[in-house]
Peer 1: 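Quick one: structure below, then a few questions.
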Amino acid sequence: VAPGSRNAPLIAALQRFGRIRLHSVRDERSAAFIALGFCLEGRPAAVCCTSGTALLNFYPAVCEAYYQRLPLIAISADRPPELIDQWDGQTIRQPEVFAAHIRAMVQWPDQLDSPYAAEDIDRAMETALHAALGAETGPVHINIPLRDPIYRELDTDQPYPVIPPMAAAAIPAPEAPAAWESDLGKVLVLCGQHRPDEALHSSLSHIAAKFPVLCDISSSMLSAASVAHWETMFSFGIVSDVLRADTLITCGTAMLNKQLKQWLRAHPPRQHWHLQSGGWTGDPFQSQPQTLLGNPAGLLDALYRLQPANPDYLQAWQVESKHAHQNFRERKGRVLRESAFSEWQALDFALAYLPDSAAVHFGNSMAVRYGAWIMPSDFPGKTFSNRGTSGINGCVSTALGYAVAHPDKPCFLFVGDISFFYDSNAFWNDMRPDNLKVILLNNGGGNIFRVIDGPRQLPECETFLETSHQRKADHLCRDLGIEYSLANDLESLEEAWADVLKADGPMVLEILVAPETAPRILPRLKG
């Protein structure tokens with residue numbers, strides 16, 4: 001809940017209800033992303049704000065939830081409808097403000113004294129929750145207009161509208177399409193961004209024994225893949241035409257690797273099946289996918305039963321990927337020995353020494369790309385990144401929300417300096433998850449603009465795109481009461497990492513690197 005006046009009755013009612021755990025977060029944008037962090041494994045969470053532009057600060061997280069298909073519930077207090085557009089304070093057009101990026105919007109009645117109000121509220125809430133938790137999960141918006149006086153004493157003996165808890169309906173095993181009984185030729189399986197799903201992980205692991213399976217860094221399925229280090233093959237190697245698929249089968253949503261998308265567009269499969277429980281299907285590979293609605297795990301199990309293995313095709317992927325990765329490792333070792341300390345050396349070390357049970361969050365821009373290139377392919381833990389919309393906002397808040405929701409799991413956030421400072425309000429609340437460790441890669445600016453073609457050639461890049469700065473996080477951490485450590489070379493990093501692993505509270509490890517080093521390394525690694 002974010003503090004406000006118009007939503008004060010809502011906060012009081014939620015608190016007095018007694019069965020809902022409340023957290024107060026001052027910044028609405030952070031509050032929404034913290035709630036998103038609670039949602040990352042598919043469990044719904046709500047965020048509540050006052051009327052007016054406070055609600056608009058929820059929009060980045062609502063968009064992220066929409067594209068990650070997470071059940072984020074946005075609850076807004078509002079003014080009575082007759083005050084809209086009448087120049088009244090904190091009064092805007094709140095209904096349908098998220099229309100393009102939600103599963104449903106419901107409006108409470110503005111006359112709560114009506115004899116039908118409780119029935120209308122029950123119906124609205126059931127509509128919202130069914131939309132959030134149905135076959136196509138996603139965010140919903142509940143708008144609640146409240147009339148003055150809003151500070152009437154709440155009668156705790158008065159019954160509240162109660163929504164029965166919703167059990168996740170068992171999705172029946174789908175029937176496999178008849179086409180799967182015929183020869184599908186060379187089958188390639190991709191898993192894009194997806195929330196953790198043990199059944200899907202198991203099904204992907206089984207199918208990986210028969211076909212090449214590629215899992216995105218944000219899929220939480222890395223250890224289910226049968227092709228290790230495929231990201232480095234596409235980003236730093238040459239992909240042979242013999243790897244072209246006859247049949248492409250996908251699940252999840254976005255894939256990070258741009259070169260993979262370009263290769264599939266240039267080498268389109270004969271047919272593309274996308275597996276999902278509900279919702280619309282994107283076409284990132286321009287391959288005109290056919291959607292199979294059903295439990296993806298069940299559909300993959302049917303594929304396993306119906307299709308013979310293709311060991312030659314699987315081996316071709318594995319051999320080429322292994323060869324490309326060996327060349328990349330040799331080139332990387334040589335280049336890094338000749339280079340000053342950078343994000344490459346830091347992440348090479350840190351990602352190799354993560355606890356197996358860790359949940360790892362990556363900030364956007366370069367942090368998640370480093371993760372895709374360097375993360376050990378057999379890492380058994382869960383990996384997350386806000387790649388639904390790929391914005392930098394909310395990275396810290398989302399990781400903090402996840403850490404609060406999973407207090408027994410060690411949580412690590414690898415994040416760049418611009419993303420970190422932009423979202424430092426994540427810590428401006430009373431939540432202090434002991435299990436959250438932030439690895440801050442501070443290269444003095446938005447270094448991705450030094451890497452990608454176009455922006456780096458502009459003379460205005462450093463001032464207006466990269467936004468160079470000299471800021472460090474030590475004073476901020478001291479003000480927020482968060483343990484802090486600093487590393488600026490490999491030796492100090494090794495010492496600080498021991499402190500990170502034994503810290504008994506939230507901690508920020510800031511790694512300082514020169515801004516120009518990594519952009520010089522990247523083209524050398526690409527040969």
Side-chain angles (χ1 to χ4, degrees), residues 173-192 194 197 199-217 219 221-235 237-252 255 257 259-276 281 283-292 294-327 377-378:
E175 293 184 7
W180 285 19
E181 298 181 15
S182 59
D183 182 12
L184 297 183
K186 296 184 290 185
V187 175
L188 174 63
V189 180
L190 303 182
C191 182
H194 202 285
D197 184 325
L200 180 58
H201 188 282
S202 176
S203 297
L204 285 168
S205 299
H206 288 150
I207 209 79
K210 287 189 171 183
F211 311 119
V213 174
L214 282 56
C215 295
D216 188 79
I217 184 68
S219 68
M221 308 282 170
L222 285 182
S223 58
S226 55
V227 181
H229 307 298
W230 65 269
E231 291 265 13
T232 53
M233 177 174 68
F234 277 93
S235 297
I238 298 173
V239 184
S240 169
D241 290 354
V242 301
L243 301 185
R244 180 174 185 164
D246 297 315
T247 301
L248 176 63
I249 296 175
T250 57
C251 56
M255 299 288 292
N257 194 283
Q259 290 78 17
L260 169 68
K261 298 174 190 175
Q262 293 172 335
W263 185 80
L264 283 169
R265 291 168 189 169
H267 302 81
R270 206 171 57 229
Q271 56 186 339
H272 176 187
W273 300 88
H274 184 72
L275 320 180
Q276 60 185 28
T281 300
D283 189 8
F285 313 125
Q286 299 172 2
S287 51
Q288 299 179 329
Q290 301 177 70
T291 303
L292 284 179
N295 183 350
L299 287 164
L300 286 174
D301 290 341
L303 180 70
Y304 183 86
R305 292 193 307 270
L306 294 170
Q307 283 292 309
N310 192 331
D312 293 339
Y313 185 52
L314 172 59
Q315 187 178 29
W317 270 94
Q318 291 173 331
V319 168
E320 287 215 14
S321 180
K322 182 178 180 180
H323 178 69
H325 188 66
Q326 286 176 339
N327 288 341
S377 61
D378 57 351

Peer 1: Do Thr281 and His274 pair up side chain to side chain, a donor and an acceptor below 3.5 Å, judged on atom types alone?
Peer 2: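 No.
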
Peer 1: Would you name the heavy atoms of Phe234 and Leu214 that are closest together and state the gap between them?
Peer 2: CE1-CD2, 4.4 Å

Peer 1: Please check: side-chain N/O of Ser321 versus main-chain N/O of Ala228, any donor-acceptor pairing under 3.5 Å?
Peer 2: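 A pair under 3.5 Å: yes.
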
Peer 1: Hey, could you give me the CD1/CD distance between Ile238 and Glu320, rounded to the nearest 0.5 Å?
Peer 2: 10.0 Å

Peer 1: Do His206 and Asp301 have side-chain atoms, one donor and one acceptor, less than 3.5 Å apart?
Peer 2: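 Distance-only check fails for His206 and Asp301.
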
Peer 1: For Arg270, what residues pass the salt bridge (Lys or Arg N to Asp or Glu O under 4.0 Å) criterion, not counting sequence neighbours?
Peer 2: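 Arg270: salt bridge (Lys or Arg N to Asp or Glu O under 4.0 Å) contacts with Asp246.
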
Peer 1: Grab the two heavy atoms, one from Pro268 and one from Arg265, that are nearest each other, plus how far apart they are.
Peer 2: CD-O, 3.7 Å

Peer 1: Spell out, as yes or no, whether a donor-acceptor pair under 3.5 Å connects the side chain of Thr250 to the backbone of Leu190.
Peer 2: no

Peer 1: Please report the closest heavy-atom contact between Cys215 and Leu222, naming both atoms and the distance.
Peer 2: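 Answer, listing the atom of Cys215 first, then Leu222: O-CD2, 3.7 Å.
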
Peer 1: I'd like to know whether CD of Gln259 has more than 12 heavy-atom contacts from other residues, nucleotides or ligands below 6.0 angstrom.
Peer 2: yes

Peer 1: Mind listing the closest non-hydrogen atom pair of Trp317 and Leu243 along with its distance?
Peer 2: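 Nearest heavy atoms, Trp317 then Leu243: NE1-O, 3.4 Å.
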
Peer 1: Not counting sequence neighbours, which residues clear side chain to side chain donor-acceptor pair (under 3.5 Å) with Ser205? List them please.
Peer 2: none

Peer 1: Is a side-chain donor-acceptor pair under 3.5 Å present for His325 with Ser377?
Peer 2: no

Peer 1: Taking side-chain contact (heavy atoms from CB on, under 4.5 Å) as the definition, give me every residue that meets it alongside His323, ordered by chain and number, with sequence neighbours left out.
Peer 2: Asn327

